[in-house]
Amino acid sequence: MTSCKSVRTATLAAILVIGCVTSAYAVPPPAPWVVRNIGPRITPGQVDVDPRGFWTIRASNGDVSQNSDSTLFTHQKLSGDGSILALLFGQEGGDPQLGKSGLMIRADDSAGAANVHLFMTSGRGVGVSYRPFPRHFTFFEGADRRYGTRQFPVWFRLQREGDKFTPFTSTDGFSWSQIHSPMILPGFPEEALVGITASSLYDGIVAAAYGNVTVVNGQTSPNLRVCSGNASALLTWDPVKGAAGYIVRRSAVNVPGFAADTLTPNPIKETSFADTSLPNGQAVRYLVSAVFDAGGQSVEGWTNAVIALPVPTPGNLIGCDIGLEATLMRGGILFDPATGVFRISGSGGDFGNVEDRGFLAFQTVNGDFQITARTLEKTTAKVGVMVRETLNSGSRMAFLGGTTAQGVAFQYRGETDGSTAFTGRPIVSAADYRTPMLVRLVRRGNTISPFVSLNGTDFIPGGTPQTFDPPLPPTLYVGYAISAMNPGVVLNSTFSDLSIGPAPAP
Amino acid sequence: VDVRDVWVLRGHHGNEPLSDDAFFFVYQPLVGDGSVLAFLMGQEGGNREWGKAGVTILEREAVRARAAHLFMPAGHGVTFALRRSETQPLVKEFGNSTFGPRRFPIWLRLQRQGEEFVPFSSTDGYGWTQLRAPVTLRRFSQDALAGLTVASAFGGPVTGSFANAIVTPGLLSPLVRPCMGSQKVLLTWAPVKGAVGYVVRRSAADAFGFTADILTPTPIRDTQFMDLGVPNDIPQRYMVAAVFSQAGTTQEGWATSVTVAPLGLPDGMMGCNLSSEMPQVQGNVTQDLASGSYEITGAGSGFGGVEDHGFFVSRSLEGDGHVTARVLDHATRPGGDGIAGLMIREGLDAGSRMAFLSSDPTNGLLLRFRESPGEPFAPGSIQVLSPTAYQPPIYLRLVRRGDTVAPYISDDGVRFNLAARPRAFTPPLARTLYFGYAIASGQAGTLASGTFSDLAAGP
């Protein structure tokens with residue numbers, strides 16, 4: 001045991017040797033854990049585990065970024081699906097902004113290995129990054145309030161299901177909030193490394209303490225979506241591999257997850273759950289978990305927790321976030337009966353490419369229809385009317401709307417999970433984009449036709465009608481949508497005169 | 001208990017207000033000294049006021065068994081509860097400002113050392129704050145039960161969620177008393193049973209315990225540690241842990257955490273809490289640089305009985321000496337009076353022999369003595385001035401000559417008059433005594449304040 005400078009006051013010169021330990025009699029993590037300094041480091045990092053199983057980690061090295069990493073990585077193997085989770089008691093030091101420590105799932109222990117990283121930073125809260133391919137650039141969307149503020153203790157969990165990787169956090173260890181949409185890393189090896197990282201970003205020592213470090217095979221939680229409507233909430237999720245059923249719980253948002261009421265006394269087989277007769281204007285939290293059969297014994301997996309806010313609107317619109325990168329940046333819709341104005345809010349990177357990311361307030365409509373709305377406010381967000389086949393982010397869809405930067409355009413995705421395309425882009429240039437503006441989509445059979453009205457009375461084509469092949473299903477999701485064009489913010493816009501009705505005769 | 005070692009306890013029991021206990025208790029034996037501790041992640045349900053979850057040491061499995069409980073109730077802050085005998089009801093000590101507010105998560109720990117039980121809490125699991133002075137349960141069974149408790153208090157089901165629930169024999173933590181002087185902090189503690197040494201750490205007050213610097217590269221054998229060169233008025237967090245040798249291996253016990261700031265006192269003087277019932281409520285002294293006067297604050301139920309509870313600013317002097325101060329006002333606390341005055345004592349432990357020239361509005365100026373360590377004050381307090389005659393400001397002085405202590409008063413600080421007959425101590429007083437100014441609020445956990453000036457202690 002030797003003395004060490006405080007992490008808070010350490011200087012580069014003072015940390016040539018990290019000779020300090022938290023507990024005089026702590027030991028390195030036991031097998032199967034392996035302590036590895038990946039990439040360049042200033043001094044070898046140190047990991048101590050005390051008799052309670054508390055981990056204390058110190059490192060003086062670089063970062064997990066760009067196309068090569070420098071991090072202290074204490075790991076073991078995880079074969080197939082599963083999670084690594086831990087209770088982060090605290091993290092301090094290193095670069096004042098981006099010194100970091102957290103959980104990682106990594107293809108191997110080379111410096112440029114593909115990885116997904118969930119971490120706490122010294123100055124900017126929770127962060128998420130991923131490198132989809134070896135030696136590829138690391139995507140880092142920011143560590144800030146979009147994923148959670150800097151507060152302790154906090155539970156972290158990083159889940160793998162096939163090639164999908166999903167980060168979760170929890171304040172109580174029972175209700176896990178998914179903080180990013182699943183990140184897809186194609187070709188990730190079946191046998192991966194899971195563990196705990198620490199990177200100081202070449203600035204002093206970063207230190208962190210963890211408890212309850214756990215690696216679990218399977219028991220994955222569902223990828224959950226929530227939609228809120230008039231006195232109602234609709235939960236939908238993708239089937240979880242190996243699940244024998246699902247349990248749904250509900251509580252007030254400030255109640256710990258362990259005290260939530262069970263809504264499904266027996267696990268259900270369906271992958272959706274509708275809750276009705278809810279008080280409008282009152283947020284409610286749902287926890288959904290999968291149940292697995294493990295050698296004749298029923299085992300419940302980790303929950304996924306979401307918050308719904310039932311609100312009344314004309315036409316009983318239902319609001320859903322679609323494909324958000326930062327899933328805590330929830331959107332919503334409100335209606336002011338006095339003015340007849342809808343206020344819609346949403347986050348997300350964009351509607352476009354292979355995935356849509358934003359918020360949609362919709363009705364389900366069977367057969368041909370016409371939807372019209374008056375956009376009252378142009379913003380940097382993309383707003384307009386939307387038609388979609390499903391609520392999945394890669395669904396076939398058509399959208400007519402605008403942004404201050406791009407003007408008004410008709411955009412569609414003709415193939416599920418395919419790229420979007422524009423017709424006649426833009427119909428109204430950014431310079432000519434004025435609000436209020438009426439926007440309209442008409443479905444006739446498998447064809448969606450866009451229209452705009454610049455004078456509030458007369459409609460002109462808003463682009464080339466798009467005929468979908470294979471045919472569209474009879475029922476589509478039809479409504480008004482917003483994307484903030486930035487996954488780290490929630491933006492607002494307003495519209496009025498929403499009408500959804502039968503398509504007029506051609 | 002799930003794969004992470006997270007526990008969920010659900011109970012639907014009584015406990016309030018009957019004299020018999022009714023609670024759900026998950027326990028294991030605790031033989032002799034040790035602790036039960038857990039990370040309480042949340043508690044919900046049960047009675048809105050007294051549904052609860054926490055840790056317990058129980059003498060035996062019986063509805064009126066003697067017990068110490070430390071728990072978080074639904075409607076109050078952290079609560080310590082005690083059943084001293086099987087014929088007495090459970091007594092609770094609580095309040096948001098007493099042991100901490102209701103908040104989660106929080107670490108709770110109950111420590112037993114012999115017949116003494118001490119509650120601790122922690123925010124980070126590394127530094128443990130002693131919440132209260134030890135309570136004694138005489139002849140408590142060596143074979144006790146220690147574990148986790150939930151009780152609904154007849155208010156519907158209650159749920160508590162815990163992590164890291166541990167019962168550890170031994171590994172006791174020291175009961176650390178800090179004293180603060182100018183640019184220095186003195187930590188003292190009673191020897192811990194079985195300890196082979198002690199480790200002292202320090203960090204900023206708001207830093208995590210795991211980032212603290214180790215001040216004792218090798219464990220020390222002393223039961224005190226002086227930290228020098230520490231900036232005045234900037235709080236520092238100290239953690240002191242005992243080191244044990246068990247079955248050939250060395251283990252560090254739970255660390256006791258105290259947060260204190262060095263005080264801008266005259267050279268040689270230090271301020272110490274004398275066995276405060278609530279160690280986290282520290283006294284303080286600040287000097288008004290313009291007037292040169294000092295404001296002193298201190299908590300504690302008072303001086304007398306077998307133990308003193310208050311705050312004491314003093315310096316040690318060998319041989320004959322005096323302490324003098326000009327008392328500027330009556331000490332007060334919220335809603336009442338405090339007690340303050342000059343004190344000479346043999347040691348800084350709570351039951352030390354001492355002489356106290358105390359003032360308060362009800363009793364005026366009194367001279368009192370503890371003639372034997374750990375015994376109540378000697379009978380017959382000497383009233384130096386009646387309540388009506390005692391009107392601050394006034395100069396007070398206590399003088400030690402040999403084994404005799406004599407009180408003096410003065411209006412001008414120049415001419416001092418003997419105020420009462422000197423008292424001789426037998427057996428003889430120690431060569432070194434502590435000379436200073438003391439204050440107590442009369443209430444544990446509540447601070448009283450008073451002002452004085454011209455403090456001097458010397459030959």
Side-chain angles (χ1 to χ4, degrees), chain A residues 1-10 19-26 48 50-58 83 85-87 89-93 152-153 155 157 170-174 205 207-217 219 251 254-260 299-300 302, chain B residues 2-10 37 39 41-45 104-107 122-126 157-166 168 171 197 199 201-204 206-219 239 241 243-246 249-255:
Chain A
M1 181 176 61
T2 57
S3 179
C4 67
K5 290 291 291 181
S6 163
V7 164
R8 187 170 288 188
T9 58
C20 47
V21 292
T22 292
S23 172
Y25 307 103
D48 298 302
D50 79 6
R52 289 173 295 182
F54 281 21
W55 292 42
T56 307
I57 301 172
R58 286 184 172 83
S83 291
L85 61 134
L87 178 57
F89 290 123
Q91 175 272 338
E92 195 167 277
F152 302 101
W155 289 90
R157 183 165 69 86
S170 173
T171 56
D172 60 21
F174 291 88
I205 301 169
Y210 293 86
N212 306 84
V213 180
T214 309
V215 176
V216 186
N217 283 98
Q219 300 190 22
S251 74
N254 59 349
V255 170
F258 62 78
V299 174
E300 185 177 349
W302 310 110
Chain B
D2 73 14
V3 67
R4 296 168 297 176
D5 192 27
V6 170
W7 300 44
V8 179
L9 273 67
R10 292 190 174 87
L37 64 124
F39 187 50
M41 302 202 300
Q43 175 272 328
E44 281 292 323
F104 300 101
I106 185 171
W107 288 90
S122 174
T123 56
D124 61 15
Y126 287 87
V158 65
T159 305
S161 168
F162 301 86
N164 303 90
I166 306 170
T168 55
L171 300 181
V199 177
R201 294 180 176 83
R202 183 190 61 203
S203 72
D206 60 346
F208 299 111
F210 64 86
T211 66
D213 294 331
I214 297 176
L215 301 180
T216 53
T218 57
M239 297 193 297
V243 177
F244 303 88
S245 181
Q246 292 185 337
T249 62
T250 309
Q251 258 190 302
E252 186 174 344
W254 310 113

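Values reported hereafter were calculated over all heavy atoms of this structure, with side chains retained and with hydrogens, waters and symmetry mates removed. Residue numbering restarts at 1 for every chain, and letters A, B, ... go by the order of the sequence lines.
- In terms of heavy atoms, A/Phe54 sits closest to B/Asp124 at CE2-O, 4.4 Å.
- With a threshold of 4.5 angstrom between heavy atoms, A/Glu300 does not approach chain B through any atom at all.
- Between A/Phe89 and B/Phe39, the ring planes lie perpendicular to each other; the angle is over 60°, past the 30° to 60° tilted range.
- Here the side chains of A/Thr56 and B/Phe208 are not in contact, with every heavy-atom distance at 4.5 Å or above.
- Closest heavy-atom contact between B/Tyr126 and A/Ala209: OH-CB, 3.5 Å.
- A heavy-atom distance below 4.5 Å is found between the side chains of A/Pro153 and B/Pro105.
- Shortest non-hydrogen contact noted between A/Phe174 and B/Met41 is CE1-CE, 3.8 Å.
- Neither the backbone nor the side chain of A/Ala86 comes within contact range of chain B, judged by heavy atoms closer than 4.5 Å.
- Here the closest heavy-atom approach between residue B/Thr211 and residue A/Arg58 is recorded as CA-NH2, 3.8 Å.
- In terms of non-hydrogen atom pairs under 4.5 Å with chain B, the most contact-rich of A/Gly53, A/Gly90, A/Ala259 is A/Gly90.
- A/Trp55 touches chain B through its backbone: at least one of N, CA, C or O sits under 4.5 Å from a heavy atom, while the side chain does not.
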**OP:** Please assess B/Phe210 against A/Asp48 for the test side-chain contact (heavy atoms from CB on, under 4.5 Å), listing each intermediate value before the final yes or no.
**Re:** CA-CA 11 Å; B/Phe210 64 86; A/Asp48 298 302; over 6 Å; no

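- Highest contact tally toward chain A, considering only B/Ile166, B/Thr168, B/Asn164, B/Val6, is held by B/Asn164 [criterion: heavy-atom pairs under 4.5 Å].
- Closest non-hydrogen pair, A/Asn212 versus B/Asp5, comes out as ND2-O, 4.0 Å.
- Cation-pi geometry between B/Arg4 and A/Tyr210 is not met: the NZ or CZ atom fails to fall both under 6.0 Å from the ring centre and inside 45° of the normal.
- Only the side chain of B/Val8 comes within contact range of chain A, with heavy atoms under 4.5 Å apart.
- Scanning all heavy atoms of the two residues, the minimum distance from A/Phe258 to B/Arg10 falls at O-NH2, 3.0 Å.
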